[in-house]
*Asks:* 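Structure incoming, see below.
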Protein chains: 2
Amino acid sequence: MTSFLYTAAKEKIISLIESNEISMDQRLPSERALAQKLGFTRMTIKKALNSLVDDHVLIRHPGDGTYLLHGKHSGRIDAGDDAPWSLTQTIKIKGGVPNSEIKSFKLVYDVPMLTKIFPDFTEFYELIRIRKFDDIVFSIQKAYIPFRLFEDAHRYDFSKISLYDYLSYKNMRPALFHRKIRTCPVTSDSLFKNFNVGPSKLVLSVEYLGYTKPDCLVEYTQSYFDSNQVDFKVEIPYSFK
Amino acid sequence: MTSFLYTAAKEKIISLIESNEISMDQRLPSERALAQKLGFTRMTIKKALNSLVDDHVLIRHPGDGTYLLHGKHSGRIDAGDDAPWSLTQTIKIKGGVPNSEIKSFKLVYDVPMLTKIFPDFTEFYELIRIRKFDDIVFSIQKAYIPFRLFEDAHRYDFSKISLYDYLSYKNMRPALFHRKIRTCPVTSDSLFKNFNVGPSKLVLSVEYLGYTKPDCLVEYTQSYFDSNQVDFKVEIPYSFK
DNA sequence: TAGTGGTCTAGACCACAGC
DNA sequence: CTGTGGTCTAGACCACTAA
């Protein structure tokens, strides 16, 4: 979908990792070695490797080498809607079994909540997904994107391709996020039956508004997380006067 | 402290921003213009600018330009111990008034909790800080670093220089983190008087273990956050078999 | 000492946004 | 069409790590 050399290099490096040619806790080949082996410039390989560092797949030490980010203290995957790398891919490389199940994908009209959020649109695609890590449901997500901006969305299989890869392909990948987090009790909504928690348990609710620019809202997502399965990074929200 | 060209470029660009030569919602000069104006290569300027993007200071749009990351939906600062950029600097650029007050900085010995965490060390520097954003206390932090690794730490003023800049300078900046998050009631600890919350309120407690490598622990921090003031990014922790 | 990743240069071409 | 940022090359030097 993207057609940069460093993306191609990235995929070849991932293949190396997945095919177990690099064993755990072992150094990856050096930038120079990979450049020669895979047929790219050193700078292109560097870009690919550092991109995998951003994705929490690798870790690099100057003067030493590049390593798989493994071990007890390294396991941490961004699970938010603004995660940099396809969650499915990341889980796979980490040795987990990913499983994204689509519960529903359809057009919805005249939903008051949505018209309030998106004053300029009336029709939306609604994508409801169950996300698993090693067969444990950690998240239920309802994503909404305006039909007018993504008329061809029905042609893609979002159990296979990440929603964000699709938005990137349409040059609509959100860069700014407005988030609201709160805890809420498990409701009787049948969706929550997927969570392995009793009705008295608290579930974490996160709302994402994704903007490509400050004035260009392209996505609204409601995510519910099993608070036993996820963790958080602390941030300070503020509103600029 | 760091002496790379792109760091120098970064600081000059920050000066430009702070001196209001770039007004809000206005484009920054192009990479090529900055390169000529500041006397660096375009690639060096690019590195500086993209580094400021990582720090949530700027946002860039291909084919368009580079902008200050402002506006209602853009305000979000990483407040964790693993935040990429000095919190003080970021708050300042965002138009806020930073205020990091040092409550205590001293050597501590034979603390059972610490010897359990750091089996190889017995003496530690303890740094207790109150962190504010626009005069509102959002966090209280107790940081511990082994004396043997940072013997000259007493020579630095951590109200002016970020602890992480210091660790970077010693080539000991943590890259891996082990975090534990929980909510706890406000205790009678006099430190909590700094929070503007009643005794029945819940405070967010986050523990960070910072490693330079999977086997090299260099920092332990206990942070307490006013849950009214901070927000979170969702992640999936996992332990590799 | 040999090898690593990080930085840096001075060019080049490209896709894209705005006018 | 002009200007933007992104990618890419083919070199170079540096500081650091580990043997």
Side-chain angles (χ1 to χ4, degrees), chain A residues 1-13 22 25-54 57-69 167-173 175 212-216, chain B residues 1-13 22 25-54 57-69 167-173 175 212-216:
Chain A
M1 217 129 109
T2 53
S3 62
F4 298 121
L5 286 184
Y6 82 89
T7 309
K10 204 167 156 178
E11 274 160 16
K12 285 197 179 180
I13 293 166
I22 290 109
D25 293 334
Q26 193 189 330
R27 272 219 305 273
L28 265 74
S30 73
E31 292 182 345
R32 293 164 176 86
L34 283 171
Q36 191 170 20
K37 186 175 181 180
L38 303 180
F40 299 95
T41 306
R42 191 190 151 204
M43 292 303 287
T44 302
I45 293 292
K46 180 193 289 295
K47 186 126 207 244
L49 290 172
N50 284 334
S51 171
L52 286 167
V53 169
D54 291 341
V57 173
L58 302 177
I59 181 169
R60 322 189 72 189
H61 299 293
D64 184 1
T66 302
Y67 298 83
L68 271 179
L69 189 50
L167 298 185
S168 298
Y169 170 64
K170 305 292 277 184
N171 273 311
M172 290 275 190
R173 195 196 207 285
T212 54
K213 300 190 180 187
D215 55 350
C216 186
Chain B
M1 214 130 112
T2 53
S3 62
F4 297 120
L5 286 184
Y6 82 89
T7 309
K10 203 168 156 176
E11 275 159 16
K12 285 197 178 179
I13 294 166
I22 290 108
D25 292 335
Q26 193 188 330
R27 270 218 307 270
L28 266 73
S30 73
E31 293 182 346
R32 292 162 177 88
L34 283 171
Q36 191 171 18
K37 184 175 183 180
L38 304 180
F40 298 95
T41 305
R42 190 191 152 203
M43 291 303 287
T44 303
I45 294 291
K46 181 193 289 294
K47 187 129 207 244
L49 290 173
N50 284 335
S51 171
L52 287 167
V53 170
D54 291 342
V57 173
L58 302 178
I59 181 168
R60 321 189 71 189
H61 298 292
D64 184 0
T66 302
Y67 299 82
L68 271 178
L69 188 49
L167 299 185
S168 298
Y169 171 64
K170 306 293 275 183
N171 273 310
M172 291 275 189
R173 195 194 207 287
T212 55
K213 299 189 181 188
D215 55 350
C216 187

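The chains referred to below are lettered A, B, ... by the order of the sequence lines, with proteins before strands, and numbering in each begins at 1. Predicted model, so just to flag it, every value in this text is computed and none were measured.
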*Asks:* Just the rounded figure in Å: distance from C1' of C:dG3 to CZ of A:R60.
*Replies:*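 Going from A:R60 (CZ) to C:dG3 (C1'), I get 13 Å.
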
*Asks:* For A:L49 and C:dT4, what is the distance between atoms CG and P respectively, to the nearest whole Å?
*Replies:*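 Atom-to-atom, A:L49 to C:dT4, this comes out as 12 Å.
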
*Asks:* Can you tell which of C:dT9, D:dC8, D:dG6 lies closest to the side chain of B:N50?
*Replies:* D:dG6

*Asks:* To the nearest 0.5 Å, tell me how far B:S51 OG sits from B:K46 NZ.
*Replies:* 13.5 Å

*Asks:* 5'-most contact on DNA chain D: B:E31 or A:G39, nearest heavy atom basis?
*Replies:* B:E31

*Asks:* So, is B:T44 near the phosphate of C:dT9, with a side-chain N or O under 4.0 Å from OP1 or OP2?
*Replies:*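 Answer is yes, contact under 4.0 Å.
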
*Asks:* Between C:dA10 atom P and B:F40 atom CZ, what is the distance in whole Å?
*Replies:*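 In whole Å, C:dA10 P and B:F40 CZ are 13 Å from each other.
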
*Asks:* Whole-Å distance between D:dC16 C1' and A:R27 CZ?
*Replies:*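 Between C1' of D:dC16 and CZ of A:R27: 13 Å.
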
*Asks:* Could you state the interatomic distance from OH (B:Y6) to OG1 (B:T44), rounded to the nearest 0.5 Å?
*Replies:* 11.0 Å

*Asks:* Has A:Y6 got a side-chain N or O lying under 4.0 Å from the OP1 or OP2 atom of D:dT7?
*Replies:*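 The answer is yes; a side-chain N or O of A:Y6 sits under 4.0 Å from OP1 or OP2.
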
*Asks:* Under the side chain to side chain contact (heavy atoms under 4.5 Å, CB included) criterion, do B:L28 and B:I13 qualify, and how do the steps go?
*Replies:* CA-CA 9 Å; B:L28 266 73; B:I13 294 166; 4.2 Å; yes

*Asks:* So, does B:K47 get its side chain near the phosphate of C:dT7, meaning an N or O under 4.0 Å from OP1 or OP2?
*Replies:*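 For C:dT7, OP1 or OP2 has a side-chain N or O of B:K47 closer than 4.0 Å.
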
*Asks:* Verify the contact: side-chain N or O of A:T66 to OP1 or OP2 of C:dG5, cut-off strictly under 4.0 Å; return yes or no.
*Replies:* yes

*Asks:* Checking contacts here: which listed nucleotide (C:dG5, C:dC8, D:dG5) is nearest the side-chain heavy atoms of A:S30?
*Replies:* C:dG5

*Asks:* Using 0.5 Å steps for rounding, measure from the NZ atom of B:K10 to the CG atom of B:L49.
*Replies:*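 Here the rounded value is 10.5 Å.
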
*Asks:* Base, sugar-phosphate, or nothing: which does A:K46 touch, judged by heavy atoms less than 4.0 Å apart?
*Replies:* base

*Asks:* Take atom OH of B:Y67 and atom P of C:dG18, then tell me their distance rounded to the nearest Å.
*Replies:*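 One finds 7 Å between P of C:dG18 and OH of B:Y67, rounded.
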
*Asks:* Where the side chain of B:S30 meets the backbone of B:A33, is there a donor-acceptor pair that is under 3.5 Å apart?
*Replies:*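 Here the side-chain-to-backbone pair exists.
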
*Asks:* Give me, pair by pair, the N or O atoms of the protein and of nucleotides 14-17 of chain C that are less than 3.5 Å apart, along with how far apart they are.
*Replies:*
residue: C:dA17; atom: O4'; partner: B:G63; partner atom: O; Å: 3.1

*Asks:* For A:R42 and D:dA10, is the shortest distance between a side-chain N/O and OP1 or OP2 below 4.0 Å?
*Replies:* no

*Asks:* Which whole-number value in Å describes the distance from B:M43 CE to D:dG5 C1'?
*Replies:* 11 Å

*Asks:* Between OG1 of A:T66 and CG of A:L52, what distance do you get to the nearest 0.5 Å?
*Replies:*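 So the gap between those two atoms works out to 10.0 Å.
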
*Asks:* Expressed as a whole number of angstroms, how long is the span from A:I45:CD1 to D:dC8:C1'?
*Replies:* 13 Å

*Asks:* Just do the side chain to side chain contact (heavy atoms under 4.5 Å, CB included) check on B:R60 and B:Y67 with the steps written out, would you?
*Replies:* CA-CA 6 Å; B:R60 321 189 71 189; B:Y67 299 82; over 6 Å; no

*Asks:* Please report the distance, rounded to the nearest Å, between CG in B:L28 and P in D:dT4.
*Replies:* 12 Å

